[in-house]
Amino acid sequence: MIIASWNVNSISVRLAHVLNWLQDNHPDHLCLQELKCLDEKFPHQAFAELGYKAHVLGEKTYNGVAIISKKSQGESEHPVLLKATSKSLSGFPEPIQSRIMAVEIPLSQDRLLLVDLYVPNGSEVGSEKYAYKLAWFERLNAYIKNELTVYDKVVVVGDFNIAPDDLDVHDPDLWRDQVLCSKLERAVFNDLLGLGMIDSFRSLTAEGKHYSWWDYRQFAFKRNAGLRIDHVLISNALAPSLQRAWIDKNPRTLDKPSDHAPVLVDLAL
DNA sequence: ATGGCACACCTTGTGTGA
């Protein structure tokens with residue numbers, strides 16, 4: 001089972017890239033972030049034509065997440081069950097933004113919870129938005145902690161807007177204590193891992209210089225001046241199933257790209 | 001210290017992102 005996550009920075013601008021990428025990579029599930037569109041403007045038909053069904057939590061102008069799942073052959077009912085969205089989760093800091101969605105995926109003998117995140121950016125350390133980000137992440141950790149009492153197999157993906165370690169940063173001195181790299185952000189991220197989750201990419205790749213986001217400015221992609229802020233976390237119970245974890249830089253080389261690249265795992269399920 | 005670049009929006013500037 002291939003699960004992917006991609007911050008597309010506007011689904012309407014990036015639709016052709018996403019459709020082409022789906023046809024080339026045919027993941028079982030693709031989690032999107034930063035749709036920047038209302039539910040009713042989401043291009044459901046284009047995905048249906050490729051054999052995919054989308055669950056969408058949109059919002060005007062900002063945020064927005066979707067989980068796009070391959071339809072099973074010969075099944076009239078879409079098997080993936082929507083479990084939770086920002087709107088249905090109580091306790092997330094106000095105002096409620098379209099930043100989280102969870103679906104239950106049936107397995108032959110079991111089931112898996114897949115959670116798609118667009119973590120707040122945080123603006124700058126010490127700002128109101130930074131406090132909101134930390135509060136949001138702490139609420140996320142409480143939610144995941146509870147779900148881990150219900151599900152053994154949990155996958156949490158998305159744009160975390162946190163580079164977990166200096167190894168995930170092209171220039172650690174430039175980014176020292178800046179937003180995305182600060183100690184408190186890394187601490188809440190590590191708290192999530194401490195609940196029993198594994199950073200799939202880092203568990204299989206020890207070296208640095210692998211990033212998932214590059215600024216549009218200053219030829220950052222060409223210089224590989226990036227950050228690894230998009231992640232696929234898997235629960236401990238899934239560790240024996242992890243075959244591969246990787247970042248697909250190819251879409252970032254295209255014209256009018258998202259500033260993020262897709263991140264993926266292959267699980268033997 | 002600033003802006004670079006991209007995107008959405010009742011658009012000709014502003015807010016947000018990372």
Side-chain angles (χ1 to χ4, degrees), chain A residues 5-18 31-43 56-66 86 93-100 116-137 157-186 188-189 208-231 247 249 251-263:
Chain A
S5 170
W6 192 3
N7 179 324
V8 293
N9 187 16
S10 168
I11 188 60
S12 60
V13 172
R14 226 66 63 199
L15 183 60
H17 284 197
V18 176
C31 298
L32 300 177
Q33 304 89 36
E34 278 211 84
L35 302 177
K36 297 186 173 179
C37 85
L38 291 163
D39 287 7
E40 54 267 35
K41 297 212 170 161
F42 188 86
V56 178
L57 180 65
E59 185 181 326
K60 192 178 182 182
T61 309
Y62 303 118
N63 310 316
V65 291
S86 301
E94 296 290 343
I96 293 174
Q97 302 171 339
S98 298
R99 294 184 177 276
I100 181 169
D116 181 18
L117 306 177
Y118 176 48
V119 177
N121 166 278
S123 188
E124 57 184 296
V125 173
S127 67
E128 230 173 82
K129 288 178 182 173
Y130 179 77
Y132 179 81
K133 177 182 194 172
L134 294 174
W136 192 96
F137 211 106
V157 313
D159 177 358
F160 283 71
N161 270 319
I162 296 174
D165 189 272
D166 280 355
L167 203 56
D168 304 309
V169 180
H170 71 96
D171 186 342
D173 289 329
L174 181 68
W175 283 89
R176 181 91 49 222
D177 297 324
Q178 299 297 307
V179 76
L180 316 187
C181 299
S182 72
K183 291 180 185 71
L184 287 176
E185 290 166 273
R186 288 175 172 176
V188 293
F189 182 85
K209 301 197 191 314
H210 294 286
Y211 309 122
S212 66
W213 170 83
W214 302 261
D215 201 302
Y216 285 119
R217 298 162 288 190
Q218 300 175 306
F219 305 101
F221 183 67
K222 195 186 286 187
R223 297 187 292 116
N224 197 28
L227 303 176
R228 195 175 69 90
I229 56 176
D230 300 85
H231 307 296
I247 302 167
K249 290 170 69 167
R252 189 67 177 77
T253 68
L254 303 175
D255 280 341
K256 304 253 319 160
S258 169
D259 43 355
H260 296 253
V263 297

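Order of the sequence lines fixes the chain letters, A, B, ..., with proteins taken first and strands second; residue numbering starts at 1 for each chain. Keep in mind that what you see is a predicted model, and the values were worked out from it rather than measured.
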### Query
How far does the P atom of B:dA1 sit from the matching atom of B:dG13, given to the nearest Å?
28 Å
### Message
Ignoring hydrogens and geometry beyond distance, is a side-chain donor-acceptor pair present between A:Q33 and A:S5 at under 3.5 Å?
### Response
yes
### Query
How long is the line joining CG of A:L35 and C1' of B:dA6, in whole Å?
17 Å
#### Entry: Distance test, side-chain N/O of A:Y216 to OP1/OP2 of B:dG3, below 4.0 Å
no
### Message
As a test of reading the structure: which of B:dC9, B:dA18, B:dA6 is closest to the side chain of A:R14, going by heavy atoms?
### Response
B:dA6
### Task
For the side chain of A:K256, starting at C-beta, report the closest nucleotide among B:dA18, B:dC9, B:dC7.
B:dC7
### Query
Got a donor-acceptor contact below 3.5 angstrom from the A:S258 side chain to the A:N7 backbone?
yes
### P gap between B:dT12 and B:dT2, integer Å
25 Å
### Query
Under the 3.5 angstrom rule, does the side chain of A:S98 hit a backbone N or O of A:V65 as a donor-acceptor pair?
no
### Query
Are OP1 or OP2 of B:dC7 and a side-chain N or O of A:N9 less than 4.0 angstrom apart?
no
### Query
Quick one: on DNA chain B, does A:N63 or A:P257 contact a more 5' nucleotide (nearest heavy atom)?
A:P257
### Query
Does A:R217 put a side-chain nitrogen or oxygen below 4.0 Å from OP1 or OP2 of B:dA18?
no
### Separation between the C1' atoms of B:dT11 and B:dA6, rounded to whole Å
15 Å
### Message
In whole Å, I'd like the distance from the NE2 atom of A:H260 to the P atom of B:dG17.
### Response
11 Å
### Message
Between A:D159 and A:S12, which residue's closest nucleotide on DNA chain B lies nearer the 5′ terminus?
### Response
A:S12
### Query
Rounded to whole angstrom units, what separation is found between the CD atom of A:E128 and the P atom of B:dG17?
13 Å
Quick one: which protein N/O atoms are closer than 3.5 Å to N/O atoms of nucleotides 14-16 of chain B? Pair and distance per line, please.
none

### Between B:dA18 (C1') and A:L180 (CG): distance, integer Å
5 Å
#### Entry: Interatomic distance, A:H17 NE2 vs B:dA6 P [rounded to whole Å]
13 Å
### Query
Within the structure shown, what part of the strands sits under 4.0 Å from A:E34 by heavy-atom distance: base, sugar-phosphate, or nothing?
sugar-phosphate
### Task
Look at the aromatic rings of A:F137 and A:F160 and report parallel, tilted or perpendicular, splitting at 30° and 60°.
tilted
#### Entry: Bracket notation of DNA chain B in which parentheses pair within the strand, [ ] cross earlier pairs, and | pairs with another strand (Watson-Crick or G-U, under 3.5 Å)
....(((((...))))).
### Query
Separation of A:D259 atom CG from B:dC5 atom C1', in whole Å?
9 Å
### Message
Could you work out, with side chain to side chain donor-acceptor pair (under 3.5 Å) as the rule, every residue matching A:Y130, not counting sequence neighbours?
### Response
A:S182
### Task
Confirm from the modelled atom types if A:N121 and B:dA18 form a donor-acceptor pair under 3.5 Å, side chain to base only.
yes
### Task
Please work out if A:Y211 contacts a base, only the sugar-phosphate, or nothing of the nucleic acid, heavy-atom cut-off 4.0 Å.
nothing
### Task
Show the numbers, then the answer: is there a salt bridge (charged side-chain N to carboxylate O under 4.0 Å, His left out) between A:D166 and A:R186?
CA-CA 10 Å; A:D166 280 355; A:R186 288 175 172 176; 3.1 Å; yes
### Query
Given the C1' atoms of B:dT14 and B:dC10, what is the spacing between them in whole Å?
14 Å
### Task
Measure from CH2 on A:W175 to P on B:dA18 and round the result to the nearest Å.
10 Å
### Backbone N/O of A:D259 and side chain of A:Y216: donor-acceptor pair under 3.5 Å
yes
### Message
Whole angstroms only, please: what is the CZ-C1' distance between A:R228 and B:dA18?
### Response
16 Å
#### Entry: Pair A:N121-A:K133, side-chain donor/acceptor within less than 3.5 Å
no
### Message
Between A:R14 and A:L35 (side chain of the first, backbone of the second, donor and acceptor by atom type, cut-off under 3.5 Å), is there such a pair?
### Response
no
### Task
Using the six-membered ring wherever Trp is involved, compare the ring planes of A:W175 and A:H170 and label them parallel, tilted or perpendicular (cut-offs 30° and 60°).
perpendicular
### Query
Short question: side chain of A:S212, backbone of A:H260 - any donor-acceptor pair under 3.5 Å?
no
### Rounded distance in Å between the P positions of B:dG15 and B:dG4
16 Å
### Task
Please state whether the phosphate of B:dA6, meaning OP1 or OP2, lies under 4.0 angstrom from any side-chain nitrogen or oxygen of A:S10.
no
